[in-house]
Amino acid sequence: MSMKLNLDLSRALVEPQAVAAREAELERAKKKLWSGEEPFTGWVRLPFDYDRNELADILAAAEKIRSQCEVFVVIGIGGSYLGAQAAISALRTEEGAGPEIYFAGQNLSGTYHKELLKKIEGKELCLCVISKSGTTTESSVAFSILKDELYKKYGRKGAAERIYAITDAERGILREETTREGYPSFVVPDDIGGRYSVLTAVGLLPIAVAGIDVEAMLKGAEAEAEASKATGSDAELLAAERISLLNRGKVIEVFEYYEPKLQFFAEWLKQLFGESEGKDGKGIFPAALQFSTDLHSMGQFLQDGNQIFFETVLNVLNPPGDLIVPESAGELLAGKSMNDINQAAVEGVIAAHQATGVPIIKLDIPELSSYCFGRLVYFFETTCALSGYLNGVNPFDQPGVESYKTEMRKVLKAK
Ligand code: PA5
């Protein structure tokens, strides 16, 4: 498999010199990324250095979970669930079978979790609790609630065989509990932050439970890692382009997708870029729109509103399903495939928005396969890290996320 993502920057309006001018800066940024000396850059070499024994353990655990339960609930928030949900939503097929998969602890809604308990009632259940710190309120609350369900059903000992924990190797209360109770477990590597962790056990275990080929995913990431080492790689060009656009006042990046299966991939992108770039008063605000749905809500703004944004189109060339439109749809549409009409929408929207001067970046994704997903993940991780360096911020920390937690704790203490 050697398919490539095709990055088309020709529709963005940045002058090529603006990108060329950043060559030296990009070289420095790349060196930093690949030096192995920067904190939280373990994901850079991950596709080459993946521990094959750990991968075998992940695949074995996934098989066991598939035979143990009818319902598998993945508990985590932010980087501890978005990558898995993105992959499962984009790639899961009926042939992959396996348990129903739900996510919990990605919000604090009593309504959401009450409805979840109703959905899983009476079914054989396994949990996967994912938290690098082990102290995140959302996942801790959901884990206690769902663990109670397991205790009621299987007793404490039986529950311990159905709880899979993914957390720090040594630190945190989740690791303590895992060791005490003997949960099967995996490690979130020390040198990989949450939003860069989808290709570790954090993403791979739930993705494998969904029957998705994680080895092909890692191969895709490896191919992209190889490609992104070369000078003038697509990831470099895109990083330079994004920062040039930002410097011209384009402070919002709108990720647009025409396949609803990419909804959570776009959510993952929002987290990746938002948490990595938005700091020190800098950054591009990442937004996501589903087309053509949102053309009937946000299309007006994009066409005619305040031009503070650029668009990044995620265009799937060969989506997995299709239908032919019947005669009754009229001459223009009859006999055409829905995917062809969707492609016409892609081209039509680009032409219309470009006519008003909106910079547009188009990324052609050959198909929704595990391999392409792995490539995309690595591609955007690299683009994001390089963009952060070009913009003078550390793309691997998230100091701002702590403030709401501190304030929330104060409110809880006062209650
Ligand atoms: O990217 C990140 O670091 C964050 O989004 C974390 O993944 C998120 O806050 C969850 O943290 P934890 O895994 O410690 O529960």
Side-chain angles (χ1 to χ4, degrees), residues 38-44 46 73-88 103-109 113 127-147 163-178 183 185-207 264-279 283 285-286 288 377-378 380-385 387-388 393-409:
E38 291 297 306
F40 299 110
T41 52
W43 59 273
V44 176
L46 186 72
V73 181
V74 181
I75 303 163
I77 193 163
S80 287
Y81 93 104
L82 274 168
Q85 187 159 25
I88 293 168
F103 292 88
Q106 79 283 44
N107 61 58
L108 284 167
S109 162
H113 287 86
L127 304 181
C128 179
V129 55
I130 309 176
S131 177
K132 183 168 180 169
S133 61
T135 56
T136 304
T137 308
E138 288 87 342
S139 25
S140 302
V141 169
F143 183 40
S144 333
I145 288 169
L146 284 151
K147 195 166 47 177
I163 296 173
Y164 293 77
I166 306 178
T167 186
D168 188 86
E170 285 162 16
R171 288 181 296 264
I173 48 168
L174 181 56
R175 177 52 66 189
E176 273 171 38
E177 178 176 332
T178 299
Y183 303 150
S185 73
F186 293 94
V187 166
V188 188
D190 237 1
D191 58 351
I192 301 183
R195 58 192 175 277
Y196 292 83
S197 70
V198 51
L199 299 174
T200 72
V202 170
L204 296 183
L205 179 63
I207 295 170
F264 283 95
F265 186 72
E267 290 301 311
W268 176 80
L269 283 173
K270 274 162 57 182
Q271 192 226 359
L272 177 69
F273 284 96
E275 253 184 24
S276 301
E277 290 191 297
K279 54 197 68 157
F285 184 89
V377 162
Y378 196 94
F380 278 115
E381 285 176 347
T382 311
T383 302
C384 180
S387 301
V393 298
N394 175 0
F396 306 118
D397 64 1
Q398 55 285 328
V401 179
E402 290 311 310
S403 312
Y404 98 88
K405 294 183 188 168
T406 313
E407 293 304 319
M408 185 170 87
R409 269 187 220 113

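Since this is a predicted model, take the numbers as computed values, not measurements. Read the numbers this way: they start at 1 and go in the same order the structure lists the ligands and their atoms. Only heavy atoms go into these numbers, but all of them, side chains included; no hydrogens, no water, no symmetry mates.
If you check each of Lys405, Glu402, Glu275, Arg195 against atom 4 (C) of ligand 1, the one with the closest non-hydrogen atom is Glu275.
The protein atom (non-hydrogen) at minimum distance from atom 14 (O) of ligand 1 is Ser133 OG, 2.7 Å. For atom 11 (O) of ligand 1, the nearest protein heavy atom (residue, atom name, distance) is Thr136 OG1, 3.6 Å. The protein atom (non-hydrogen) at minimum distance from atom 8 (C) of ligand 1 is Ile77 O, 3.5 Å. Counting only heavy atoms of the protein, atom 3 (O) of ligand 1 lies nearest to Gly194 N, 3.5 Å.
Any N or O atom pair closer than 3.5 Å counts here, and Gly79 shares at least one such pair with ligand 1.
In this structure, Gln271 has a heavy atom closer than 4.0 Å to ligand 1.
Numbered from 1 in the order shown, with element, the atoms of ligand 1 that lie under 4.0 Å from a heavy atom of Ser80 read 7 (O), 12 (P), 13 (O). Near Gln398, meaning under 4.0 Å from one of its heavy atoms, ligand 1 places the atoms 3 (O). Close approach of ligand 1 to Ser131 (heavy-atom distance below 4.0 Å) involves ligand atoms 12 (P), 13 (O), 14 (O), 15 (O).
With Thr136 contributing its side chain and Glu138 its backbone, the two residues share no donor-acceptor pair below 3.5 Å. In this structure a side-chain-to-backbone donor-acceptor pair under 3.5 Å is missing from Lys279 to Gly400. With Lys270 contributing its side chain and Phe285 its backbone, the two residues share no donor-acceptor pair below 3.5 Å. Of the possible polar contacts, one joining the Arg175 side chain to the Ala169 backbone as a donor-acceptor pair under 3.5 Å is found.
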For side-chain contact (heavy atoms from CB on, under 4.5 Å), just list the numbers for Asp168 and Asp190, CA-CA rounded to whole Å, side-chain angles, deciding distance to a tenth of an Å, and then say yes or no. CA-CA 7 Å; Asp168 188 86; Asp190 237 1; 3.5 Å; yes

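Here the two rings, on Tyr196 and Phe40, have centers that are 6.0 Å apart or farther.
Side chains of Thr382 and Trp43 form a contact here, defined as non-hydrogen atoms less than 4.5 Å apart.
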